[in-house]
Amino acid sequence: MCGIVGIVAKSYVNQSIYDALTVLQHRGQDAAGMVTYDNGRLYLRKDNGMVRDVFHTRHMLNLKGNIGIGHVRYPTAGCSSSAEAQPFYVNSPYGITLAHNGNLTNGEELKQELFVEDLRHLNTESDSEVLLNVLARELQRSGKLRLEVDDVFDAVTRLHQRCRGGYAAVAMITGFGILGFRDPHAIRPVSFGKRDTDKGVEYIIASESVAIDALNFDLVRDIKPGEVVIITNEGEIYTKECAKDAMYSPCIFEYVYLARPDSIIDNISVHKARLRMGEALANKIKKLRPDHDIDVVIPIPDTGRTSALPLAYNLGIKYREGFIKNRYIPRTFIMPGQAVRKKSVRQKLNAIDLEFRDKTVLLVDDSIVRGTTSEEIIQMARDAGAKKVYFASAAPPVRYPNVYGIDMPSAKELIAYNRNEEEIAEMIGADWLIYQDLDDLIQAVSFGEDSIKDFDLSCFNGEYVTGDVSMDYLERLDSLRNDSAKAKRQANEENLIDLTNDA
């Protein structure tokens with residue numbers, strides 16, 4: 001899960017890219033970066049940290065130019081060192097920079113091909129660097145000193161033929177312009193917009209429409225499966241679908257948790273989808289327990305709030321805010337290590353005792369991944385005096401890892417892996433646990449949108465839409481994503497820093 005943005009404007013873009021990245025900060029809090037182009041030169045700044053920490057006044061003053069791209073990332077299966085911060089750059093051909101959201105399922109295979117066949121050395125473990133070098137190799141095949149639009153379309157067509165997985169990317173070709181492209185299944189989101197100014201038309205490409213809205217651009221539309229959108233330095237726009245048999249299969253977890261509620265992804269309002277999730281949960285509770293004893297519905301802020309409101313309304317039960325959130329703690333499901341996650345939950349949330357005391361409480365969250373957060377929150381509710389604690393998840397049980405750009409943990413670290421609902425309820429300490437049904441989730445998200453027939457549901461049903469995910473691949477991913485492996489990498493990085501400081 002990362003955030004990308006690219007802008008072609010009539011004046012300097014550094015502040016606009018900065019503002020867009022802050023709006024997309026929820027998609028990645030580990031590192032941020034920006035590259036701009038001006039008068040034949042590229043200007044780059046990237047580092048670990050949040051947007052406000054990476055870009056200071058001295059950096060912004062150096063980021064010159066009317067065209068640029070930006071990125072926010074969170075640590076995936078690779079390490080979390082600053083070497084993984086994006087955008088990435090290659091000087092040949094033309095000088096290309098790229099920012100990427102997603103994951104290539106054949107990244108290791110492509111890395112070997114790039115080394116053996118193209119003599120290209122990759123300096124990180126990031127598949128984003130692989131994607132950049134594949135794009136560079138395919139653009140080099142044009143053999144031209146100056147690229148034309150069709151050369152770029154042809155290059156991305158060949159890229160789609162070589163790359164598998166979920167990816168949305170924005171790239172800048174020095175002296176030519178920027179391009180945004182999306183994998184043939186449209187798993188990861190990306191859209192584009194434009195605005196009219198006194199100096200002419202300006203364009204933006206961004207992961208979520210909320211970044212387009214926040215910068216006063218008008219949303220044009222989402223980039224289609226396998227499509228390429230080119231915006232030249234002169235502000236001309238070209239689009240073409242460059243993949244055969246392309247078909248919408250967007251990741252449904254974007255609507256459950258990842259995206260901001262004020263975003264519209266593939267013509268679907270995230271906010272309305274989450275409202276419908278709450279309505280579906282209410283209907284399920286009525287069916288399973290028509291004589292329930294729930295006194296109050298309390299959401300887990302922030303993503304549980306939208307579903308909790310219609311759930312309470314449809315059940316005719318009081319809705320109350322029972323937790324106060326410290327907004328300066330990062331999202332816990334992406335944090336390494338169970339101990340760190342448990343500690344951060346207590347720092348992030350504080351219970352209002354009077355909303356819990358002597359009541360049967362229904363807590364509502366967007367999903368349950370590891371269960372660590374849910375367990376801590378349920379205990380907090382009991383400590384605040386709750387008589388009974390029920391727990392509702394707006395998503396079905398997460399039983400399988402995501403391989404398309406969400407760093408969900410090893411399957412064995414997912415609390416729903418090989419467990420039924422009663423076993424999960426016991427582990428997190430809930431008196432009763434209710435999950436959303438998968439069919440109801442699909443209906444809640446797809447409601448009224450005929451263009452999308454399928455979603456990537458792999459974290460719920462283990463069916464991977466690209467059709468190339470083997471058990472060997474999942475086992476290798478498991479070895480990279482489990483907490484012990486992450487802890488070892490983190491320790492190695494800290495030792496390296498200590499050695500550097502000592503030197």
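The structure displayed is predicted, hence computed values, not measured ones. Atom set for the values below is all heavy atoms of this structure, side chains included, hydrogens, waters and symmetry mates excluded.
Among residues two or more places apart in sequence or in another chain, the side chain to side chain contact (heavy atoms under 4.5 Å, CB included) test is passed with Glu449 by Asn267, Ile268, Ser451, Ile452. Every residue was checked against the salt bridge (Lys or Arg N to Asp or Glu O under 4.0 Å) condition with Asp213, not counting sequence neighbours, and none meets it. Remark: Tyr167 pairs with His160 by the ring-ring contact (aromatic ring centres under 6.0 Å, His included) rule, at least two apart or across chains. Qualifying side chain to side chain donor-acceptor pair (under 3.5 Å) partners for Asn66, counting only residues two or more places apart in sequence or in other chains: none. Every residue was checked against the ring-ring contact (aromatic ring centres under 6.0 Å, His included) condition with Phe460, not counting sequence neighbours, and none meets it. Every residue two or more places apart in sequence or in another chain that forms a side chain to side chain contact (heavy atoms under 4.5 Å, CB included) with Arg399 is listed here: Pro397, Ala416. Checked against side chain to side chain donor-acceptor pair (under 3.5 Å), Lys284 has the following partners two or more places apart in sequence or in another chain: Asp437. With sequence neighbours excluded, the residues satisfying side chain to side chain contact (heavy atoms under 4.5 Å, CB included) with Ser128 are Gln86, Phe88, His100, Ser126. Applying the side chain to side chain contact (heavy atoms under 4.5 Å, CB included) criterion to Leu44, with sequence neighbours excluded, gives Val35, Lys46, Pro87. Under the rule for a ring-ring contact (aromatic ring centres under 6.0 Å, His included), Tyr400 has no partner lying at least two apart in sequence or in another chain.
Two residues are said to be in side-chain contact when any heavy atoms from C-beta on lie closer than 4.5 Å; Leu363 and Phe323 meet this criterion. For the pair Ile424/Phe391, no side-chain contact is recorded, criterion being any heavy-atom separation below 4.5 Å from C-beta on. Considering only heavy atoms from C-beta on, Phe181 stays 4.5 Å or farther from Cys242 through its side chain. Tyr404 has its side chain within reach of Val465: a pair of non-hydrogen atoms, C-beta onward, lies under 4.5 Å apart. Side-chain contact between Ile67 and Ile231 is absent, with no heavy-atom pair separated by less than 4.5 Å. Side-chain contact between Ile223 and Ile205 is present, with heavy atoms from C-beta onward closer than 4.5 Å.
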Name the atoms and distances for all side-chain donor-acceptor pairs under 3.5 Å in residues 6-16, with sequence neighbours left out.
unit_1	atom_1	unit_2	atom_2	d
Asn14	ND2	Met60	O	2.8
Asn14	ND2	Leu63	O	3.3
Gln15	NE2	Asp19	OD1	2.9

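The side-chain contact (heavy atoms from CB on, under 4.5 Å) test with Tyr248 is passed by exactly one of Asp454, Ile187, Asp266: Asp266. Under the side-chain hydrogen bond (donor to acceptor under 3.5 Å, both in side chains) rule, Glu227 has a single partner from Arg221, Arg182, Lys240, which is Arg221.
A side-chain donor-acceptor contact under 3.5 Å links Tyr74 to the backbone of Asp407. A distance-only check finds a donor-acceptor pair linking the side chain of Arg45 to the backbone of Val54 [under 3.5 Å]. Without hydrogens or angle criteria, Gln436 side chain to Ala394 main chain gives a donor-acceptor distance under 3.5 Å. For Asp127 (side chain) and Leu104 (main-chain N/O), a donor-acceptor pair under 3.5 Å exists by modelled atom type. Checked by atom type and distance alone, the side chain of Glu254 never pairs as donor or acceptor with a backbone atom of Ile265 at under 3.5 Å. Side-chain atoms of Lys286 come within 3.5 Å of backbone N or O of Asn314 as a donor-acceptor pair. Without hydrogens or angle criteria, Asp456 side chain to Pro250 main chain gives no donor-acceptor distance under 3.5 Å. Asp366 places no side-chain N or O within 3.5 Å of a backbone atom of Tyr257 that could act as its donor or acceptor partner. Judged purely by atom type and a 3.5 angstrom limit, Lys64 has no side-chain atom pairing as donor or acceptor with the backbone of Leu61.
Enclosure of atom OH in Tyr313 is not indicated, since only 12 or fewer non-hydrogen atoms of other residues, nucleotides or ligands lie within 6.0 angstrom.
Pairs of residues two or more places apart, or lying in two chains, that qualify as salt bridge (Lys or Arg N to Asp or Glu O under 4.0 Å) and include a residue from residues 197-206 are Arg195-Glu202.
Between Ser207 and Asn101, the side chains place no donor N or O within less than 3.5 Å of an acceptor N or O (distance only, hydrogens not considered).
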(message) Determine whether Met277 and Arg274 satisfy the following criterion, side-chain contact (heavy atoms from CB on, under 4.5 Å), listing intermediate values before the conclusion.
(response) CA-CA 5 Å; Met277 292 176 205; Arg274 290 176 183 170; 4.1 Å; yes
